[in-house]
Asks: 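My questions will all concern the structure given below.
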Number of protein chains: 2
Amino acid sequence: MKDNLKLENQLCFPLYACSKEIVKKYKSILDKFDLTYTQYIVMMVMWEEKEINVKNLGDRLYLDSGTLTPVLKKLESKNFIKRTRSDLDERNLKLLLTEKGIKLMDKVQNVPNEIGKCINLSKDEALQLYKLLYKILDNKE
Amino acid sequence: MKDNLKLENQLCFPLYACSKEIVKKYKSILDKFDLTYTQYIVMMVMWEEKEINVKNLGDRLYLDSGTLTPVLKKLESKNFIKRTRSDLDERNLKLLLTEKGIKLMDKVQNVPNEIGKCINLSKDEALQLYKLLYKILDNKE
DNA sequence: CAAAATTAAATTGTGTACAATGTAATTATA
DNA sequence: TATAATTACATTGTACACAATTTAATTTTG
């Protein structure tokens with residue numbers, strides 16, 4: 001058997017496995033805030049943008065409406081966001097933070113720190129990794 | 001707003017996004033072999049091991065029986081593997097390659113190469129990334 | 001040795017992901 | 001300006017992914 005099909009020689013497998021393991025870690029941390037990882041990254045964009053439509057949100061998160069629609073409905077049912085159609089263009093769904101959604105930001109302040117503790121990389125290594133990942137991502141557009 | 005909750009300052013988000021984008025790329029390449037990405041990495045382990053049980057397969061792939069059972073049934077229905085209980089310990093499900101499963105290895109020889117072309121990293125950068133990812137993974141055990 | 005504990009898979013329920021398609025609103029064009 | 005093309009979002013169908021539970025087989029222990 002040639003080595004090129006061995007799992008240990010793949011670059012993509014550790015990427016896939018690592019992503020899953022870290023999302024799993026997030027789950028254990030986010031549970032107490034009644035958030036999933038996907039809901040959490042949606043909220044991160046909301047805290048930055050205050051107002052955004054599904055299309056632009058999807059562009060930021062590399063997700064499409066098929067994934068986002070149910071997630072956004074869930075976040076609305078939890079009263080973290082509000083969903084209303086734009087007046088200017090009724091195709092656009094305007095996403096807005098609620099009071100509860102704004103308050104959530106304070107509550108999760110320590111999440112990035114907690115996650116950081118689970119990843120045993122030095123500051124320099126983390127930065128290296130960050131740059132390599134964005135180099136791949138930027139190429140895919 | 002503090003910067004610690006900005007999406008662009010997270011290390012985990014590009015990991016998550018990158019993983020998804022690459023799996024998507026795999027999908028387009030693996031389609032012609034009637035394989036999904038998950039089925040493909042299961043087959044990679046099978047080609048290496050010839051025979052393995054679900055538990056050990058899951059340890060290799062960071063997947064549990066809840067995920068693997070339906071994937072393995074699918075691979076069996078496509079005649080790539082055979083599933084039989086072990087004689088020595090009936091709790092163990094013995095996974096074996098079929099003739100068709102062995103032949104599949106030749107057909108996908110070029111997949112790693114095709115994927116490589118989608119990732120614009122130098123050999124050195126790819127190795128760096130590989131090491132950083134396994135450093136995180138090894139810590140999670 | 002019999003009951004308890006452990007182990008391996010399977011099952012169930014929830015939540016993504018994404019391709020493909022559908023629908024309604026808006027924009028471009030003949 | 002009516003129709004065609006495009007756009008934004010929702011829906012449908014398929015395939016993971018994982019926590020929690022169940023079931024059956026094996027091992028440990030009192």
Asks: Can a salt bridge be assigned to the pair A:Lys55 and A:Asp59 using a cut-off of 4.0 Å between side-chain N and carboxylate O?
Replies: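 Yes, A:Lys55 and A:Asp59 are salt-bridged.
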Asks: To the nearest Å, give me how far apart CG (A:Asp64) and P (C:dT16) are.
Replies: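 The distance from CG of A:Asp64 to P of C:dT16 comes to 13 Å, rounded to the nearest Å.
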Asks: Could you check if a side-chain atom of B:Leu95 sits within less than 4.5 angstrom of a side-chain atom of B:Glu51, using non-hydrogen atoms only?
Replies: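 Result no, sub-4.5 Å side-chain heavy-atom pair not found.
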Asks: So, OP1 or OP2 of D:dC18: does either fall under 4.0 Å of a side-chain N or O from A:Lys20?
Replies: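 Indeed, a polar side-chain atom of A:Lys20 lies that close.
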Asks: Is there a side-chain contact between B:Tyr40 and B:Met43 in this structure, where contact means two heavy atoms from C-beta onward sitting under 4.5 Å apart?
Replies: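 They are not in side-chain contact.
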Asks: Any side-chain heavy-atom pair from A:Phe13 and B:Tyr37 closer than 4.5 angstrom?
Replies: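 The answer is yes; the side chains approach within 4.5 Å.
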Asks: Just N and O in the side chain of A:Tyr62: are any of them under 4.0 Å from OP1 or OP2 of C:dC18?
Replies: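 No.
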Asks: Would you check if the side chain of B:Asp124 reaches a backbone N or O of B:Leu127 as a donor-acceptor pair within less than 3.5 Å?
Replies: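 Not a single qualifying donor-acceptor pair exists.
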Asks: Take the protein atom CG of B:Asp34 and the nucleotide atom C1' of D:dA15, then report the distance between them rounded to whole Å.
Replies: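 About 13 Å, once rounded to whole Å.
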Asks: I need the CD-P distance between B:Glu21 and C:dA17, as an integer number of Å.
Replies: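 Atom-to-atom, B:Glu21 to C:dA17, this comes out as 12 Å.
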Asks: Does B:Thr36 have a side-chain nitrogen or oxygen under 4.0 Å from the phosphate oxygens OP1 or OP2 of D:dT14?
Replies: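 So the side chain of B:Thr36 is outside the cut-off, no N or O lying under 4.0 Å from OP1 or OP2 of D:dT14.
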Asks: Under a 4.0 Å heavy-atom cut-off, which of residues 46-60 of chain A touch DNA chain C?
Replies: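 Correct list: empty, so none.
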Asks: Can you measure B:Ile41 atom CD1 to D:dA15 atom C1' for me and round it to whole angstrom units?
Replies: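 Distance check: B:Ile41 CD1 to D:dA15 C1' gives 13 Å.
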Asks: Does any part of the side chain of A:Tyr16, heavy atoms only, come nearer than 4.5 Å to the side chain of B:Val23, both counted from C-beta?
Replies: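 In contact.
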Asks: For B:Lys27 and C:dA19, is the shortest distance between a side-chain N/O and OP1 or OP2 below 4.0 Å?
Replies: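 It does not, given that no N or O in the side chain of B:Lys27 lies less than 4.0 Å from OP1 or OP2 of C:dA19.
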Asks: Is any NZ, NE, NH1 or NH2 atom of the basic residue among A:Glu114 and A:Lys117 found under 4.0 Å from an Asp or Glu carboxylate oxygen of the other?
Replies: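 Between A:Lys117 and A:Glu114 there is no salt bridge, as every charged N stays at least 4.0 Å from the carboxylate O atoms.
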Asks: From CZ of B:Phe13 over to P of C:dT16, roughly how many Å is that when rounded to an integer?
Replies: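 One finds 15 Å between P of C:dT16 and CZ of B:Phe13, rounded.
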Asks: Less than 4.5 Å apart, any side-chain heavy atom of A:Leu63 and any of A:Leu57?
Replies: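 A side-chain contact under 4.5 Å is absent here.
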Asks: What's the CG-P distance between A:Leu35 and C:dT16, to the nearest Å?
Replies: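 These atoms are roughly 10 Å apart.
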Asks: Does anything in residues 65-98 of chain B reach DNA chain C, meaning a heavy atom under 4.0 Å, and if so which residues?
Replies: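 Contacts with DNA chain C under 4.0 Å: B:Ser65, B:Gly66, B:Thr69, B:Lys73, B:Arg83, B:Arg85, B:Arg91, B:Asn92, B:Leu93.
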Asks: Atom CH2 of B:Trp47 and atom CG of B:Leu97: how far apart are they, to the nearest 0.5 Å?
Replies: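 Those atoms lie 8.5 Å apart.
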Asks: Between B:Thr38 and D:dC16, is there a contact of a side-chain N or O with OP1 or OP2 at under 4.0 Å?
Replies: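 True: B:Thr38 side-chain N/O within range (under 4.0 Å) of D:dC16 OP1/OP2.
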Asks: When the distance from OH of A:Tyr16 to P of D:dC16 is rounded to whole Å, what number comes out?
Replies: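 Whole-Å distance recorded here is 9 Å.
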Asks: What is the distance, to the nearest angstrom, from the OH atom on A:Tyr37 to the P atom on D:dC16?
Replies: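 So the OH-P distance, A:Tyr37 to D:dC16, works out to 22 Å.
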